[in-house]
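Only one structure is covered here, and it is reproduced in the block below.
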There are 2 protein chains.
Amino acid sequence: MAALKYSRQRESIKHFLAETKDHPTADAVYLHVKKEFPNISLGTVYRNLNLLTDIGEAVKIATPDGGDRFDGRVEPHNHFLCKKCGRLLDLDLDMRSLEEVNQLAAENFDGIIESSSTLFYGECSDCIKKSSQ
Amino acid sequence: MAALKYSRQRESIKHFLAETKDHPTADAVYLHVKKEFPNISLGTVYRNLNLLTDIGEAVKIATPDGGDRFDGRVEPHNHFLCKKCGRLLDLDLDMRSLEEVNQLAAENFDGIIESSSTLFYGECSDCIKKSSQ
DNA sequence: AACAATAATAGTAACGATTACTGTGATTAA
DNA sequence: TTAATCACAGTAATCGTTACTATTATTGTT
């Protein structure tokens with residue numbers, strides 16, 4: 001495995017992921033980092049997002065509607081997708097609950113369960129407010 | 001909303017989804033239905049899979065590695081993705097557990113949670129067998 | 001500080017999955 | 001049987017992502 005070399009672009013991508021709670025798509029990361037590196041390439045963004053995901057410094061989140069999202073929070077946690085506005089939000093369950101779900105699943109399952117990720121669906125508070133006006 | 005008309009192609013797609021437990025990709029559905037309708041179009045398969053998903057007769061499953069999978073089982077249940085062989089398997093939790101997770105999540109969340117889907121990761125029993133030989 | 005080795009980049013082309021378009025054929029209700 | 005319209009096959013276009021290549025940046029060594 002080749003040694004990892006520092007790059008300012010990767011650092012900028014990491015910082016953006018760390019500071020945002022938006023679960024941006026690769027393109028959204030690109031548009032942001034472009035402000036600091038006007039001629040960064042979209043391929044560079046993808047390569048680094050995948051690299052960060054591989055070394056455990058980012059998480060890739062698949063949703064049924066469109067491209068993957070990326071998250072700088074790597075501790076186990078879950079997500080909520082609003083059916084109305086499409087926003088992806090963090091949703092924390094306490095550690096115990098997370099582990100319980102995995103244990104419960106393991107009882108009904110014939111292999112080894114290492115982790116899990118739950119995507120919740122519904123309507124976010126912002127959309128509820130708007131539709132009740 | 002336009003009225004739905006019967007089509008033999010859609011019926012064939014539905015039957016395939018109902019009889020398989022493979023969580024096929026759109027392309028896999030295409031290849032299968034092609035046996036019965038040799039000149040069915042891939043676009044027709046996509047259109048019908050999305051239609052069935054919209055009317056609640058199929059489920060679309062997003063995974064972090066590649067294209068979406070489709071499932072004819074529409075009752076709430078979860079899935080397991082084997083990190084070794086990439087197979088996607090059904091994983092059932094009892095109803096009570098499913099609802100408990102949603103309720104638990106609702107306590108920590110500000111919107112309305114209607115449903116959830118958990119993807120478990122790990123190693124399936126087949127891969128465990130193979131690597132222990 | 002200069003060098004050599006090599007990882008990372010920008011830019012662009014290619015790719016796979018999915019959707020959109022168009023003219024033709026099938027289904028439906030009258 | 002007809003008229004309306006939905007669904008189709010075939011194809012082109014789009015979107016998200018990856019691969020390629022020549023150049024630039026980083027790193028360890030003199």
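Here the structure is a predicted model, which means the values were calculated and not measured. In what follows, every heavy atom counts, from backbone to side chain, and hydrogens, waters and symmetry copies are set aside. Numbered from 1 within each chain, the chains take letters A, B, ... in sequence-line order.
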Between D:dC15 (C1') and A:L31 (CG): distance, integer Å:
15 Å
Working to the nearest 0.5 Å, report the span between NE2 of A:H23 and CG of A:L89.
7.5 Å
Write down the distance between CZ (A:R69) and P (D:dG16), rounded to a whole number of angstrom.
11 Å
Can you measure A:D54 atom CG to C:dA7 atom P for me and round it to whole angstrom units?
16 Å
Donor on one side chain, acceptor on other, A:T44 and A:Q9, under 3.5 Å
no
Is any side-chain N or O of A:Y46 closer than 4.0 Å to OP1 or OP2 of D:dT18?
no
Tell me: CG of A:D68 to P of C:dT18, nearest whole Å?
12 Å
Between B:S12 and B:R8 (side chain of the first, backbone of the second, donor and acceptor by atom type, cut-off under 3.5 Å), is there such a pair?
no
Just to verify, which of A:T118, A:T63, A:D71 counts as forming a side chain to side chain donor-acceptor pair (under 3.5 Å) with A:H79?
A:D71
Looking at every strand, decide which applies to B:N50 at a 4.0 Å heavy-atom threshold: base, sugar-phosphate, or nothing.
sugar-phosphate
Between A:D65 (CG) and C:dT18 (P), how many Å, whole number?
13 Å
Does CG in A:D94 sit with more than 12 non-hydrogen atoms of other residues, nucleotides or ligands closer than 6.0 Å?
yes
Contact string for nucleotides 2-9 of chain D, one letter per nucleotide 5' to 3', B = base within protein heavy-atom range under 4.0 Å, S = sugar-phosphate only, - = neither, reads ---BSSBB
Checking side-chain contact (heavy atoms from CB on, under 4.5 Å) between A:L52 and each of A:V59, A:V74, A:I13, which is the one that passes?
A:I13
How close or far is atom P of C:dA8 from atom CD1 of A:I55, stated in whole angstroms?
10 Å
